[in-house]
Student: 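Could you have a look at this structure, given as structure tokens, before my questions?
Protein chains get the first letters and strands the later ones, always in sequence-line order, with residue 1 at the start of each.
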There are 2 protein chains.
Amino acid sequence: MTKTESTKSRILDAAEQLFAERGFAETSLRTITTRAKVNLASVNYHFGSKKSLIQAVFDRFLQDFTKELSLELMTLEQLQPVQLEAEKLLNALIKPLLSLNSRRDNAISIFMRLLGRAYAETQGHLRRYVTDKYGHVLVRFTHLFQKGYPKLTIDQIFWRLHYMLGSMIFTLGGSDALRQISQADFNRDLGVEDVIKEMVPFLAAGMKA
Amino acid sequence: MTKTESTKSRILDAAEQLFAERGFAETSLRTITTRAKVNLASVNYHFGSKKSLIQAVFDRFLQDFTKELSLELMTLEQLQPVQLEAEKLLNALIKPLLSLNSRRDNAISIFMRLLGRAYAETQGHLRRYVTDKYGHVLVRFTHLFQKGYPKLTIDQIFWRLHYMLGSMIFTLGGSDALRQISQADFNRDLGVEDVIKEMVPFLAAGMKA
DNA sequence: GTATGTTTCAAACAGTTGTTTGGAATTGAT
DNA sequence: ATCAATTCCAAACAACTGTTTGAAACATAC
């Protein structure tokens, strides 16, 4: 049992890293199993198929994330509308994100990049899987925004939430590469946490616009 | 010569559409040549390799886009700092984008999705190709922002520009799917042009924050 | 220790991929 | 009409893909 767990999680570790780096189609099972130091057939034995492995990678991330996010939302849902400032709402999203990074190195960047790739899969099966299984927290988030900013129409909120998601996925997912450029150009290095901090006023201002 | 051009451009048409839909690795040359109704070998004959075909698809888009954008930037570069409001700068980016759509259906969405995919290619060769060949317009854009908003530090501008890019690529690239959701949820349909118009106040507020 | 169920492993499977090849068809110039 | 160059095309290539198989190794319970 303990040997099995180590095989499964070694596969998941290697897979999530490689998927984030290269994408799903560009990562072969042989590359994954080689890096994980397990036999090729063990992916199909433990996960059934490559597609299921991809979903398992997402599940491990999203379970951690949505659990923490859900807690944050619960406390917010007991506040008065006036207390629901955009900054506070953004922090409810950012706190669970930051705590991902404390578990594994680079987890934020990997997670965001995976989300971006899931979103780009226009064939749709993965995006549908994610939204079906974890979309309800996004709905709760939308409701909170509606409550805090009743002057905004519901589709204004819908779109602004997606503008926000785009900023986060794009910059945090690519933050490694962007930070390299930034460092080369301005000789200044920001950690992911700093990039997030820089992002809050930008997003909050846009939300309130 | 005219037959050749029609083959080359038929390949480009089919390729850019399929690449945007499914991604580069997920699109085979056989799928492309079948849709383009040309022989399989003609891709390698006319473009050399699949990799070069991808670059050719980007070149066709980016030449059109950067030419128009460059014109917009030239007129802006002759203005006084006080006149360089964020909204005006954003329009310099949006106008060339909208004019893409007048040439081919769905061009904005396709273009943005391609940019997103190029950006996600972390192996890097495509992103480097794009930034090397067309990055100078982005630099000019940065300079304009610096001029209009001298109180912002240079890396604040750098990052905010990327927040903005993320919003645009994410929402416009996925606008088809998102608009479907939006329509299903609120029974209201926005065109791409409307989504862009909605985006301007959001982004402008963030830039000025 | 034997029997039972679980996990690993090397090997092979059928299918798809990008690319190459050599000859046929087409084109344009003289 | 003749020649040369360009373009097209069917066929084949080797390399790689995800998955399956059947036996070996291992663990667990009696």
Side-chain angles (χ1 to χ4, degrees), chain A residues 1-59 114 117-118 120-126 129, chain B residues 1-59 114 117-118 120-126 129:
Chain A
M1 191 63 166
T2 116
K3 189 74 181 304
T4 294
E5 276 312 313
S6 118
T7 301
K8 273 184 94 167
S9 61
R10 262 221 304 286
I11 293 175
L12 284 173
D13 288 342
E16 83 175 18
Q17 201 170 324
L18 287 165
F19 285 154
E21 267 176 35
R22 319 183 182 183
F24 305 119
E26 294 89 345
T27 306
S28 73
L29 293 184
R30 282 167 178 81
T31 316
I32 295 174
T33 52
T34 300
R35 175 173 303 193
K37 284 172 189 159
V38 300
N39 186 271
L40 167 63
S42 54
V43 170
N44 288 280
Y45 176 76
H46 284 287
F47 297 95
S49 68
K50 186 183 182 182
K51 198 183 279 194
S52 307
L53 170 63
I54 297 177
Q55 294 184 350
V57 167
F58 271 87
D59 275 334
L114 287 175
R117 295 201 185 279
E121 291 280 319
T122 326
Q123 92 204 135
H125 101 269
L126 183 55
Y129 177 80
Chain B
M1 188 62 167
T2 116
K3 187 75 181 303
T4 294
E5 277 311 314
S6 118
T7 300
K8 272 183 96 168
S9 60
R10 262 223 302 288
I11 293 176
L12 285 173
D13 288 342
E16 83 176 18
Q17 201 170 325
L18 288 165
F19 285 154
E21 268 177 34
R22 320 183 182 183
F24 305 118
E26 294 88 344
T27 306
S28 72
L29 293 185
R30 282 167 179 81
T31 315
I32 294 174
T33 52
T34 300
R35 174 173 304 193
K37 284 171 188 160
V38 301
N39 186 271
L40 167 63
S42 55
V43 170
N44 288 280
Y45 176 75
H46 283 288
F47 297 95
S49 67
K50 185 182 184 183
K51 198 184 277 193
S52 308
L53 169 63
I54 297 177
Q55 294 184 349
V57 167
F58 271 87
D59 275 335
L114 287 175
R117 296 200 186 279
E121 290 281 319
T122 325
Q123 95 205 131
H125 101 269
L126 183 55
Y129 178 80

Student: Within the pair B/His46 and D/dT6, is there a side-chain N or O less than 4.0 Å away from OP1 or OP2?
Tutor: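 No.
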Student: What residues in residues 25-32 of chain A put a non-hydrogen atom under 4.0 Å from any atom of DNA chain D?
Tutor: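 The stretch gives A/Thr27, A/Ser28, A/Leu29, A/Arg30 as the residues lying under 4.0 Å from the strand, ordered by number.
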Student: Starting at OH of A/Tyr45 and ending at P of C/dA10, how long is that distance when rounded to a whole Å?
Tutor: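 Interatomic distance, OH of A/Tyr45 to P of C/dA10: 17 Å.
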Student: Enumerate the salt bridge (charged side-chain N to carboxylate O under 4.0 Å, His left out) contacts for residues 37-59 of chain A, please, sequence neighbours excluded, ordered by first and then second residue.
Tutor: A/Asp59-A/Lys133
Student: Expressed in angstrom and rounded to an integer, what is the separation of A/Asn44 atom CG from C/dA14 atom C1'?
Tutor: 15 Å
Student: Could you name each residue pair satisfying side chain to side chain donor-acceptor pair (under 3.5 Å) that touches residues 23-36 of chain A, not counting sequence neighbours?
Tutor: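 Output for this query lists A/Ser28-A/Thr31.
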Student: Taking atom NE2 of B/His46 and atom CD1 of B/Ile11, what is their separation to the nearest 0.5 Å?
Tutor: 6.0 Å
Student: Which residues pass the ring-ring contact (aromatic ring centres under 6.0 Å, His included) test with A/Phe58, sequence neighbours left out?
Tutor: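 Testing A/Phe58 for ring-ring contact (aromatic ring centres under 6.0 Å, His included), a comparison that skips the adjacent residues, returns none.
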Student: Give the minimum heavy-atom separation between A/Ser52 and A/Ser49, together with the two atoms involved.
Tutor: OG-OG, 3.0 Å
Student: Which heavy-atom pair separates A/Ile32 from A/Ala14 by the least distance, and what is that distance?
Tutor: O-CB, 3.8 Å
Student: Between C1' on C/dG18 and CD1 on B/Ile11, what's the gap in Å once rounded to a whole number?
Tutor: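 Between C1' of C/dG18 and CD1 of B/Ile11: 14 Å.
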Student: When you measure from the side chain of B/Arg117 to the backbone of B/Phe24, do you find a donor-acceptor pair of N or O atoms at a distance under 3.5 Å?
Tutor: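 No, B/Arg117 side chain to B/Phe24 backbone: no donor-acceptor pair under 3.5 Å.
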Student: Under 3.5 Å between N/O atoms: give me all the protein pairs with nucleotides 21-25 of chain C, atom names plus distance.
Tutor:
none

Student: Using atom CD1 of A/Ile54 as one end and atom C1' of D/dG18 as the other, report the distance to the nearest whole Å.
Tutor: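 The answer, rounded to whole Å, is 12 Å.
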Student: Would you say the side-chain atoms of A/Ser42 pair up with the backbone N or O of A/Tyr45, donor to acceptor, closer than 3.5 Å?
Tutor: no
Student: How close or far is atom C1' of C/dT19 from atom CZ of B/Phe47, stated in whole angstroms?
Tutor: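 The answer, rounded to whole Å, is 16 Å.
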Student: With pairs taken as Watson-Crick or G-U wobble and both distances under 3.5 angstrom, which stems of at least three consecutive pairs involve DNA chain D?
Tutor: C:1-30 with D:1-30
Student: For C/dA10, does OP1 or OP2 lie under 4.0 Å from any side-chain N or O of A/Asn39?
Tutor: yes
Student: Please give, in whole Å, the distance from D/dT17 P to A/Leu18 CG?
Tutor: 12 Å
Student: Taking atom CG of A/Leu114 and atom CD of A/Glu21, what is their separation to the nearest 0.5 Å?
Tutor: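 These two atoms lie 11.0 Å from each other.
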Student: Of all the heavy-atom pairs spanning A/Leu29 and A/Leu53, show the shortest one and how long it is.
Tutor: CD2-CD2, 4.3 Å
Student: Does C/dT8 have OP1 or OP2 sitting under 4.0 Å from an N or O in the side chain of A/Thr7?
Tutor: yes
Student: If I take atom CG in residue B/Leu40 and atom P in nucleotide D/dA11, what distance separates them, rounded to the nearest angstrom?
Tutor: 13 Å
Student: Got a list of protein N/O to nucleotides 22-24 of chain D N/O distances below 3.5 Å?
Tutor:
none

Student: Output the rounded distance in Å from CZ (A/Arg10) to C1' (C/dT7).
Tutor: 13 Å
